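Being a predicted model, the structure only gives us computed values, none of them experimental. Below, all heavy atoms of this structure are taken into account, side chains as well, without hydrogens, waters or symmetry copies.
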Amino acid sequence: MDFLYDGSFEGLLTAVFEAYYRHEVPERILSRKYYQESLLDQVLYIRTDPSKAYRVYRSIKEKISPLCYKNVYYTFLSEHEDAATWIYNYLRLGWSMGKEVDSCLADEQVLKVHSIVRKVVGERHRMLGFIRFKLLADNIYYAGFEPDYNIVGLLAPHFSARLPDQNWILHDVKRSLAVLYNKKRWTLTPFSHTGFISASDCAPDFQELWKQYFKRIAIPNRRNPKLQKRNMPVRYWKYLTEKQLPG
Amino acid sequence: MELEKKLNILADSAKYDASCSSSGSTRKNKPGGVGNGSLGGICHSFSDDGRCISLFKILLTNHCIFDCKYCVNRASNDIPRTFFTPDEITALTLGFYRRNYIEGLFLSSAIYKNPDYTMELLLTTVRKLRKDNRFNGYIHLKAIPGADPRLIREAGYYADRMSVNIELPTQNSLKLLAPQKSKDAIIKPMSVISSKILENRDERKHYSSSPAYVPAGQSTQMVIGATPDTDLTIMTLSENLYKRFRLKRVYYSAYVPVSSHPALPGNIVPPLLREHRLYQADWLLRFYGFKAEELLNADNPNLDMELDPKSDWAVRNLHLFPVEVNSADYSMLLRVPGIGVHSAHRIVAARRHHSLDYGSLKKIGVVLKRACLFITCRGKYYGNISMNEALIKDSLASAGEKSKDKNPQWQQLSLFPSPDRPVPAQVLLPSITGEL
Ligand code: SF4
């Protein structure tokens, strides 16, 4: 039997809740977003219930650990189609072992979660560096990007602590999601506007200066495009100022 | 001269400095200010040589009264010269920072007029950033050898990190290539900074509100391969620098020929592999509990080019191996080739639950290709050769060769500013984080 949830985090936690109380161990927990029904599958549709989700949330934090909760959330953000199933198996172990679950490094279930979490954490960390803001005409700093994982919300606290005195937008173009910040607070919201106009009257032209600087700071005798690409994968270049052609 | 031209000239002159690390600062933003530190450091881009760009690395000026033979900016070199004003640097730093191009500023300078004059200008610049513009991002500031200690002391209240480049490992080499620089002029500011850091730490224990002094510590850099100094000399010096001045990092910079001079090696290729080995050995000193004298001695004064320094040490000390992974203590695990700081930690954590079998070692991150020669697991030895120095050396070297063919990047990995704290393994490569 497979459980199907609506793709939201609450939905996923509700599915975990149901799995416990129905005494029905699901084979997989799947998001409806990616689910392709086949005739032979037996599925149970889970209706998202925030109060059930909240109970699971409390139980993870109190009976297992805050770290475990973070792992669950980050695994969810990976949007991997098996994410919910991995989370379920990891949590079962967690409820039987308590906070020690995260030092069970030889366990298959724990490893799966840890390794996907590492990837999400890694991309978040990378993006802290690779985000590029452009100053728009109405004094808003705008950054578009297309991360592999759904991390835009994870970036918001960093940038609101760092750049609190400017208006900015972090726009996940791929998922049509954005964090908007207005010098006071940030919100995560659906967002699909593109084609902004950069502030043109602003001198000096920092984008141009940055491109120049980028070119000059490399040591020619040590050129190493392979290493560059490994550290800064080409899929991210589209939004990097220094990788845009001049003009 | 227009800003863009100046930027080109002064970035060109600054690029040979290896350090670009932005780690070690927990500086918080203050109301009305901009910027903060990130303890582990953040890379914002990677230049065409594959190095991380974290800081806006720039010279205030490349006008120099000195004539150090290995340096592009030496007085006798015919290159365009210019300088930035403190306001220009401030504007560029903030403009770049607000667009998230950088973590902060790495400000250095050639020696213009005299050391005090130059240091004064550097100080004015960082003061402007911190005070007038309330900038709380990262600042790495060069201390100019020979400058008044008073200036250096003050600058440290604005900087997160300071550095004085030791340039060359011996007094003789200095005499030969940087005749106007004396060992004393270099060591003096280092010791001023290091004792001030200690004093400040003490102060802050009693008065937590007193401002932090160079909170990310000091670092230095030396040029490798421009002089005949051995790795033994270099590593012993580094060890002393870590001990005596509590440096956070020593950077090694393979000499890139920038001039021809009878005292310099001819048209050489930068010794990148040697530089890489020195970084590996440096990691062993800082995180693996090794001493320089264990790695090198008068009979073996240079690091092996074929084997990494840890494997090389292990091969010379086969009587200590194999060790049982399920019982060896942490410090011994660290000495096993193929087991890095991360995997040693994880082994210790995981074996508390149940004894580890061979298969789980791989999952934990142990590089079995190397480690299998030096360990037993539940009493069983998995290496397919006997504990014989020559055989093991051969087997390690050929394993190394193969991986080298697949990843020729080994030559430049080391220039990556290894953070002072581990960063997600996936972002950095194993040999950068020093997982040897
Ligand atoms: S003092 Fe510094 S900038 Fe001037 S020549 Fe020597 S190393 Fe170069």
K.L.:
Less than 4.5 Å to any heavy atom of chain B: does that hold for the side chain of K229(A), its backbone, both, or neither?
P.N.:
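Neither part, no heavy atoms under 4.5 Å.
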K.L.:
What part of F159(A) is in contact with chain B, defined as an atom under 4.5 angstrom from a non-hydrogen atom: side chain, backbone, both or neither?
P.N.:
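Side chain only.
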K.L.:
Answer yes or no: is there a donor N or O on one side and an acceptor on the other, between the side chain of T75(A) and the main chain of N71(A), under 3.5 Å?
P.N.:
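Checking the backbone N and O of N71(A) against the side chain of T75(A), a donor-acceptor pair under 3.5 Å is found.
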K.L.:
Can we say R27(B) and D160(B) salt-bridge, meaning some charged N sits less than 4.0 Å from an Asp/Glu carboxylate O?
P.N.:
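A salt bridge links R27(B) with D160(B).
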K.L.:
Start with the C-alpha gap between K174(A) and D172(A), add the side-chain angles, then the distance that decides, and say whether salt bridge (Lys or Arg N to Asp or Glu O under 4.0 Å) holds.
P.N.:
CA-CA 6 Å; K174(A) 194 157 97 188; D172(A) 179 340; over 6 Å; no
K.L.:
Please flag which part of L128(A) lies under 4.5 Å from any non-hydrogen atom of chain B: side chain, backbone, both or neither.
P.N.:
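Both backbone and side chain of L128(A) come within 4.5 Å of chain B.
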K.L.:
Apply ring pair (Phe, Tyr, Trp, His ring centres under 6.0 Å) to the pair Y57(A) and Y69(A), showing each step before the final yes or no.
P.N.:
CA-CA 7 Å; Y57(A) 158 80; Y69(A) 176 71; 4.9 Å; yes
K.L.:
Regarding D49(B) and R223(A), does a basic nitrogen lie under 4.0 Å from an acidic carboxylate oxygen?
P.N.:
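A salt bridge is absent here (no side-chain N lies under 4.0 Å from a carboxylate O).
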K.L.:
Relative to chain A, which of A349(B), A254(B), G95(B), A350(B) shows the most heavy atom pairs under 4.5 Å?
P.N.:
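Ranked by heavy-atom pairs under 4.5 Å with chain A, first place is G95(B).
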K.L.:
Can you tell me which of K28(B), E2(B), R98(B), R352(B) forms the most heavy-atom pairs within a distance under 4.5 Å of chain A?
P.N.:
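Counting heavy-atom pairs under 4.5 Å, the top option is R98(B).
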K.L.:
For chain A, which of Y101(B), Y97(B), F96(B) has the most heavy-atom pairs under 4.5 Å?
P.N.:
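Among the listed options, the one with the most contacts to chain A is Y101(B).
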K.L.:
Answer with side chain, backbone, both or neither: which region of Y213(A) has an atom nearer than 4.5 Å to a non-hydrogen atom of chain B?
P.N.:
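Contact with chain B involves both backbone and side-chain atoms of Y213(A).
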K.L.:
Which word best sums up how the rings of F191(A) and H193(A) line up, parallel for under 30°, tilted for 30 to 60°, or perpendicular for over 60°?
P.N.:
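Answer is perpendicular, since the angle exceeds 60°.
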K.L.:
Among A11(B), S45(B), A91(B), S360(B), single out the residue with the greatest number of heavy-atom pairs under 4.5 Å to chain A.
P.N.:
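Heavy-atom pair counts peak at S45(B).
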